[in-house]
Amino acid sequence: MTAAPAEPAARPPRPRWRDVLRLQWMLRDQAPAVMADLARRFGPFVRTRLPLQLYFVSGPAYIEEVLVKQASSFRKDRISRQLSRAIGDGLVLSEGDLWRRQRRLMQPAFHHAQLRSYADTMVALAIDAVSGWRPGETRNVHQDMMALTMNIVAKLLFGADLSADARDIGGTITRLMEDFSGNLGLSGLMGLGRLPTPRALRIRGDIKRLDEIVYRIIAQRRAAAEPGADLLALLLAAQDEDGSRMSDRQLRDETLTLFVAGHETTAHALTYALYLLAGHPDEQEALAAEVAEVLGGRRPGFGDLERLKRAEAVLQESMRLYPPVWGVGREALADVQIGPYRIPKGASVFISQWAVHRDPALFADPERFVPARWLGAPAPLPRFAYFPFGGGPRICIGNRFAMMEATLILAVLCQRFALARTPETRLRLLPTVTLRPRGPVTLAVASRSPPAA
């Protein structure tokens with residue numbers, strides 16, 4: 001008996017030709033909104049008519065195919081690979097055997113016991129950061145959160161007082177992230193970011209500056225009599241199964257990757273949480289009541305995380321509405337069948353947390369800030385209906401670190417201050433490698449009862 005011939009792959013829906021130029025113009029500055037609009041109009045699997053093989057995927061089942069079930073058929077997309085020119089082949093961007101080796105070497109730095117050891121430093125630096133806040137003033141909370149998370153990652157990564165170097169690294173990385181926003185859209189997909197434009201030359205200069213600082217720190221640490229007790233010391237001491245250690249280049253790449261991941265994304269998540277709380281006084285008061293009940297006026301610690309349920313829910317809901325990592329890109333290494341659709345070799349696939357997290361088929365009132373949806377017994381969701389830290393084998397290694405840091409900082413802030421929006425408060429978004437605020441996020445500060453010593 002002859003086997004029935006395989007059914008031909010279905011053709012994904014595509015926008016009309018007249019939409020193409022508008023899409024290209026919008027992809028650079030409004031990419032999350034574009035992906036959400038395409039999902040609403042055309043469904044969870046869309047191919048554009050741009051002069052490239054480009055697919056937007058938003059259905060949780062399709063996302064699971066790309067990120068988990070057929071993950072070996074994909075690699076990082078073209079735009080992400082361009083970022084490796086700046087931060088190298090660290091854990092976020094490396095592939096294959098190198099990625100597996102680096103993941104093994106870095107995993108101990110994020111074990112439970114290590115996380116516990118980081119908590120007191122996070123809280124102490126948060127208290128120090130807000131000690132200069134005064135009731136009645138208006139503060140740019142994004143700037144404040146960027147400075148705080150940079151101090152935390154610098155202290156935990158480098159240990160010793162390297163504040164000048166940390167500020168230099170942080171400022172340089174911020175410029176690089178903003179410059180790489182120019183590589184989104186068609187120019188980035190076509191690799192035009194390598195042309196010797198003023199932006200490209202500026203990027204090269206910043207990368208050279210980062211190399212000078214980080215390689216100097218690594219050389220100093222290798223020459224030191226005492227190894228130290230920070231994350232860099234753990235990376236220097238890490239041994240693979242064959243006894244090999246990281247080279248200076250691998251240390252450089254992982255150091256910069258940790259700096260970006262532990263600085264930018266957490267600062268953005270906290271900024272959006274504070275902005276949303278400032279616009280929802282009832283939610284802010286409910287959170288302050290929880291913090292008062294759990295802490296009783298003392299400073300928070302690692303042991304309090306299990307009881308700060310509302311703080312965690314506020315962060316989860318903030319990352320649903322404003323995911324700091326707003327999109328994931330992959331490139332097909334071979335022809336791949338995803339559901340009824342065939343993705344050809346070399347095609348780019350983009351998955352947007354922003355689009356999925358705001359899907360009304362997955363979340364009731366998706367545009368509303370409702371932390372309660374994460375409390376109690378939340379309604380079960382498909383596996384990739386909510387994935388602010390990515391998913392599959394490449395889920396963010398520091399997800400528990402980030403949630404611990406953000407929860408402790410949020411508790412410190414809500415214990416001491418109430419925040420409110422002002423007529424000048426604006427939230428405009430800049431989708432670079434991360435989802436950054438475009439411009440300051442200003443909020444008015446009022447005091448709460450000071451906590452006990």
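Scope of the values below: all heavy atoms of this structure, side chains included, with no hydrogens, waters or symmetry mates.
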Once you measure the plane-to-plane angle for [X] and [Y], does it fall in the parallel (<30°), tilted (30-60°) or perpendicular (>60°) bin?
| X | Y | result |
| --- | --- | --- |
| Phe110 | Phe401 | perpendicular |
| His268 | Tyr272 | tilted |
| Phe369 | His280 | tilted |
| His357 | Phe387 | perpendicular |
| Tyr62 | Phe45 | perpendicular |

Checking Thr434 against Glu264 for the side chain to side chain donor-acceptor pair (under 3.5 Å) test, could you report, in this order, the C-alpha distance in whole Å, the side-chain angles of both residues, the deciding distance, and whether it holds? CA-CA 8 Å; Thr434 56; Glu264 282 245 341; 2.9 Å; yes
Using the rule side-chain contact (heavy atoms from CB on, under 4.5 Å), only one of Val66, Val57, Leu67 pairs with Phe384; which is it?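 Running side-chain contact (heavy atoms from CB on, under 4.5 Å) over Val66, Val57, Leu67 with Phe384 returns exactly one hit, Leu67.
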Quick check on side-chain contact (heavy atoms from CB on, under 4.5 Å): which of Thr138, Leu419, Thr271 does Leu443 satisfy it with?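 For Leu443, the side-chain contact (heavy atoms from CB on, under 4.5 Å) check succeeds only for Leu419.
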Heavy-atom donor-acceptor pair, [X] side chain to [Y] backbone, under 3.5 Å:
| X | Y | value |
| --- | --- | --- |
| Ser80 | Lys76 | no |
| Gln239 | Gly243 | yes |
| Gln250 | Ser247 | yes |
| Arg221 | Phe158 | yes |
| Thr425 | Thr442 | yes |
| Trp326 | Thr432 | yes |

Quick one: side chains of residues 390-397, donor-acceptor pairs under 3.5 Å with protein atoms, not counting sequence neighbours, listed by atom name and distance.
residue : atom : partner : partner atom : Å
Arg394  : NH1  : Ser94   : O            : 2.7
Arg394  : NH2  : Leu91   : O            : 3.1
Arg394  : NH2  : Val92   : O            : 3.1
Arg394  : NH2  : Ser94   : O            : 2.7

[X] bridged to [Y] by N-O distance under 4.0 Å:
| X | Y | result |
| --- | --- | --- |
| Asp240 | Arg101 | yes |
| Glu137 | Arg139 | yes |
| Asp89 | Arg249 | no |
| Glu367 | Arg358 | yes |
| Glu317 | Arg320 | yes |
| Arg75 | Glu95 | no |

So which atom in [X] and which in [Y] form the shortest heavy-atom distance, rounded to 0.1 Å?
| X | Y | answer |
| --- | --- | --- |
| His263 | Val153 | CB-CG1, 4.1 Å |
| Ser318 | Ala273 | OG-CA, 3.2 Å |
| Ala119 | Leu408 | CB-CD1, 3.9 Å |

Contacts of type salt bridge (Lys or Arg N to Asp or Glu O under 4.0 Å), residue Arg252, not counting sequence neighbours: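 Partners of Arg252 by the salt bridge (Lys or Arg N to Asp or Glu O under 4.0 Å) criterion, ordered by chain and then number, come out as Asp211.
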Are Asp359 and Ser58 side-chain neighbours, meaning at least one heavy-atom pair lies under 4.5 Å?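 No, side chains not in contact.
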Set out, in order, the CA-CA distance, both residues' side-chain angles and the distance that settles side chain to side chain contact (heavy atoms under 4.5 Å, CB included) for Glu331 and Arg81, then state yes or no. CA-CA 10 Å; Glu331 182 181 301; Arg81 296 203 304 273; 3.2 Å; yes
side-chain contact (heavy atoms from CB on, under 4.5 Å) partners of [X], counting only residues at least two apart:
| X | result |
| --- | --- |
| Gln114 | Ser117, Tyr118, Leu234 |
| Ala311 | Leu287, Glu290, Leu308, Thr407, Leu410 |
| Arg342 | Ala9, Asp335, Gln337, Pro344 |

Give the C-alpha distance, both sets of side-chain angles, the deciding distance and a yes or no for salt bridge (charged side-chain N to carboxylate O under 4.0 Å, His left out) between Arg299 and Asp120. CA-CA 9 Å; Arg299 65 172 58 190; Asp120 287 346; over 6 Å; no
Begin from the C-alpha positions of Met106 and Leu258 and carry the test side chain to side chain contact (heavy atoms under 4.5 Å, CB included) through to its verdict. CA-CA 10 Å; Met106 295 182 68; Leu258 287 174; 3.9 Å; yes
Could you give me the CA-CA distance, side-chain angles and deciding distance for Val328 and Gln353, then say whether side chain to side chain contact (heavy atoms under 4.5 Å, CB included) is met? CA-CA 8 Å; Val328 175; Gln353 285 95 326; 3.7 Å; yes
Please evaluate residues Phe302 and His112 with respect to the criterion ring-ring contact (aromatic ring centres under 6.0 Å, His included), reporting the C-alpha separation (whole Å), side-chain torsions for both, the decisive distance (0.1 Å), and the verdict. CA-CA 10 Å; Phe302 185 84; His112 182 86; 5.1 Å; yes
Partner set under side-chain hydrogen bond (donor to acceptor under 3.5 Å, both in side chains) for Arg202, not counting sequence neighbours: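 With neighbours one apart ignored, the set is Asp179.
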With a sphere of 6.0 Å drawn around CD of Gln70, does it hold more than 12 non-hydrogen atoms of other residues, nucleotides or ligands?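 For Gln70, atom CD is crowded (more than 12 foreign heavy atoms under 6.0 Å).
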